[in-house]
Amino acid sequence: MKEELTPPFKVRDISLAEEGQKKIDWAESRMPVLMKLRAEFQKTKPLEGQRIAGCLHVTKETAVLVETLVAAGADVAWCGCNPLSTNDEVAAALAANGINIWAWHGMNTEEYYWAIDKTLEFEPTLTLDDGADLIFRVHSKFPELASKIIGGTEETTTGVHRLRAMDADNKLLYPVIAVNDTPTKWEFDNVYGTGQSTLDGILRATSILLAGKNVVVAGYGHCGRGVANRAKGLGANVIVTEVDPINALKATLEGFRVMKMKDAAKIGDVFITATGMKDVITLEHLKTMKDGAIVCNTGHYDVEIQVDRLLDYASNVRTIRPNNEEITMPEGHRIYLLARGRLVNLAAAEGHPSEVMDMSFSGQLLSLVSLAQGTVGKEGNHVYLLPKELDEQIARLKLELMGFEIDELTPEQEAYLHAYDEGT
Ligand code: 3DD
C-alpha cells in the first residue's frame, strides 16, 4: 500500500495515477509553448509565494497547466468546474504528484460546491476560473478571503460575461483578467477547439455518420462557427439558428441555411447548442423533432436544452450508450440526449486538443504572472485584458515552435503605417 500521501485530496481512485500520468505526458508533448514558458519560469519562479485556487476542468491539458504553475513557484489547490468533465485518471495523477485536488467524474451539486469550498480553505492569493463559480463563491460566501487575493483569471466566454456584469455593478472585490478575450485564446480555442471537440464528443457517444445529416447549430459566435465549419467539413448539411442579425448574416454568407429553431426542429438530425443562453431548445421543439434526433449542448452551463422538462415529459428513458440516453416521447418518437445536456466535448470526450489549449493556458499563466508582478490590475477592481504584447508573445512562440516564419515591417513601412500625408 502506497504511504499515505500528505497533501489533502479527494479523487475517485488514486491507483489510476499511473494511467493518468501517461495522459499528462502525452499532453506535454503537444503543448510546446507552455512547456517553453515552464522551462523559463522554473528558473525565475515568478509565482514564488503565491497560493493559486483553480476551478477548471480536470483534463490532461489542465494537469500540464497545474504543474507549470507549481514549477513557476506557486502552491496550488484545484477542483473541477463541471460535475461531468473530470478525468479520474488525471485527477489521480495530480494527487499522486502532491497537488491538493478535490475532483472526480460524476459529482452531484453538493459535492461540486464542497470541492470548491475545500479549494478555498487554502486561502488563495490568486484565483483561476472557467465559468466563474469559484470567484462567485468568494464573493457570495467567503468575502473575507478577498482581502488576501491579488487577482483572478477567467477562461470562458460565459464566465467573462458574468464578471463584466458584476464589474458594471461595482461588485468585484478584486481585479480579474479575461483570458477568454485574449485573441490567442478565443480565436483558436473557441473556434478550432470547440469545433473539433464537440464533434469528437458526439461521435464517441453515437458513432453516427455525419455526412449527409442535417446538423442544426444554435449560435454562430466563435464556438458555433467552429462547430458549423467542422461539421461542414465532414459532409453535414449545416443549418444555423441565431438571434443576432450580424452573426446570422455571417452564417448565410458562409453558405449555411439560417432559420428559426421551431422550423429547424422539424428537419434536423443532430442539434448542437452553442449560445450561452438558456431555453434554446425547448420541450415544444423536442416534441416536433424527427424520430432518432440527437440533441446536445456545447455551451458552458447545462441551461440551453430544457432537460428537466424533457425528462418529466418522457414516457421512457434508458441509457443506450455511454453519455447517450434514449428518451421515448409520449408521441412515440425517440430523442437521443447526450451527456444529459452538459458540455458534450468534455463530458463525452476529452475536451479541446492539447495543441489549442497550449495557447489558452499560456494566456492563463502569463495573466497570473502579470497579476503577481502587479503589471496588470492596478486600476481598481475591474475586468482586464492580457496586454497585447503578451498575447503576441504567445502567438510568436507558437509559430516558431510550429516551424513557421513571418515577415517584419521595414522602417519605411513602420513610418508609412503612421503617416497620413501619402495618398494615391
Ligand atoms: N476546455 C475545453 N477543452 C479543455 C481541455 N482539454 N482542458 C481544459 C479545459 C478545456 C474548456 C475551455 O475551452 C475554456 O476555454 C472554455 O470553456 O471556454
Side-chain angles (χ1 to χ4, degrees), residues 5 7-39 41-42 47 50-105 107 115-116 118-119 122 124 126-131 134 153 155-156 179 185 189 193 197 200 343 345-347 349-368:
L5 290 157
F9 65 84
K10 182 172 172 58
V11 296
R12 166 92 46 211
D13 176 357
I14 194 68
S15 71
L16 298 174
E18 190 176 345
E19 280 311 302
Q21 190 56 55
K22 289 180 198 167
K23 287 179 160 54
I24 297 170
D25 295 345
W26 173 254
E28 282 185 0
S29 71
R30 296 183 184 264
M31 300 175 83
V33 178
L34 199 55
M35 296 306 286
K36 190 169 173 86
L37 291 172
R38 181 191 292 187
F41 289 162
Q42 67 191 13
L47 295 177
Q50 299 297 336
R51 291 194 308 282
I52 300 174
C55 178
L56 197 150
H57 308 286
V58 179
T59 66
K60 58 190 188 297
E61 291 77 18
T62 299
V64 179
L65 171 61
V66 169
E67 295 186 348
T68 300
L69 297 175
V70 171
D75 285 325
V76 177
W78 212 267
C79 60
C81 69
N82 183 290
L84 294 181
S85 63
T86 291
N87 180 296
D88 288 325
E89 294 169 341
V90 170
L94 285 172
N97 294 346
I99 301 293
N100 303 358
I101 180 167
W102 293 273
W104 57 92
H105 186 275
M107 286 175 144
I116 289 179
K118 290 300 286 180
T119 307
F122 182 68
L126 291 165
T127 63
L128 186 157
D129 261 292
D130 185 332
L134 181 137
T153 60
E155 173 76 10
T156 198
V179 174
K185 193 273 178 180
D189 170 314
S197 64
D200 187 3
L343 21 67
N345 61 336
L346 284 146
E350 299 173 49
H352 302 349
S354 306
E355 293 89 338
V356 78
M357 297 313 297
D358 189 21
M359 291 193 279
S360 305
F361 288 165
S362 295
Q364 282 284 358
L365 174 66
L366 295 183
S367 294
L368 291 163

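Quick note: numbers below take in every heavy atom, side chains included, and nothing from hydrogens, waters or symmetry partners.
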Validation row: Ile101, Phe9 side chains within 4.5 angstrom (heavy atoms) = yes

note = In short, Val58 meets Thr62 closest at the heavy-atom pair CA-CB, 4.4 Å

ask   = Can you name the closest pair of heavy atoms from Ser367 and Thr153 and give their distance?
value = CB-CG2, 3.7 Å

Side-chain heavy atoms of Val70 within contact of Ile99, under 4.5 Å = yes

key: Leu365 CG to Leu47 CG distance, which is reported to the nearest 0.5 Å   = 6.5 Å

query = Heavy atoms, side chains only, cut-off 4.5 Å: are Glu155 and Asp189 in contact?
reply = yes

request  = Nearest 0.5 Å please: distance from the CD1 atom of Ile52 over to the CG atom of Leu65.
outcome  = 8.0 Å

ask   = Is His57 close to Asp130 at the side-chain level, that is, under 4.5 Å between some pair of heavy atoms?
value = yes

key: Any donor-acceptor pair under 3.5 Å from Ser85 side chain to Leu346 backbone   = no

query = Are any non-hydrogen side-chain atoms of Val66 and Leu94 less than 4.5 angstrom apart?
reply = yes

query = Looking only at atom types and distance, does a side-chain atom of Asp13 sit under 3.5 Å from a main-chain N or O of Ser15, one as donor and one as acceptor?
reply = yes

query = What pair of heavy atoms forms the shortest contact from Val64 to Thr68, and how long is it?
reply = O-OG1, 2.7 Å

ask   = For Glu28, which of Lys60, Arg38, Lys22 qualifies under salt bridge (charged side-chain N to carboxylate O under 4.0 Å, His left out)?
value = Arg38

key: Spacing of CG belonging to Asn100 relative to CG belonging to Asp75, to within rounding of 0.5 Å   = 8.0 Å

task = Any chance you could measure Ser362, atom OG, to Lys185, atom NZ, to the nearest 0.5 Å?
result = 13.5 Å

query = With Glu61, which residues qualify under side chain to side chain donor-acceptor pair (under 3.5 Å), at least two apart?
reply = Thr59, Ser354

ask   = Between Arg12 and His105, is there a donor-acceptor pair closer than 3.5 Å when you use the side chain of the first and the backbone of the second?
value = yes

task = Any chance you could measure Met31, atom CE, to Phe361, atom CZ, to the nearest 0.5 Å?
result = 6.0 Å

ask   = Looking at Ala91 and Val11, what are the two nearest heavy atoms and their distance?
value = O-CG1, 3.6 Å

request  = Answer whether the closest heavy-atom distance between the side chains of Ser29 and Asp25 falls below 4.5 Å.
outcome  = no

Sub-4.5 Å side-chain heavy-atom contact between Leu368 and Leu128 = yes

task = Mark yes or no for whether Arg51, through its side chain, and Ala74, through its backbone, hold a donor-acceptor pair below 3.5 Å.
result = no

request  = Assess whether side-chain hydrogen bond (donor to acceptor under 3.5 Å, both in side chains) is satisfied between Asn97 and Gln21, documenting all intermediate values.
outcome  = CA-CA 9 Å; Asn97 294 346; Gln21 190 56 55; 3.1 Å; yes

request  = For residues Gly20 and Ala93, report the shortest heavy-atom separation together with the two atoms involved.
outcome  = C-CB, 3.7 Å

remark   = What one should report as the nearest heavy-atom pair of Cys55 and Leu134 is CB-CB, 3.6 Å

ask   = What distance do Leu366 atom CG and Phe41 atom CZ have between them, rounded to the nearest 0.5 Å?
value = 5.5 Å

query = Where the side chain of Trp78 meets the backbone of Leu56, is there a donor-acceptor pair that is under 3.5 Å apart?
reply = yes

query = Is there a side-chain contact between Glu67 and Ile24 (heavy atoms, below 4.5 Å)?
reply = yes

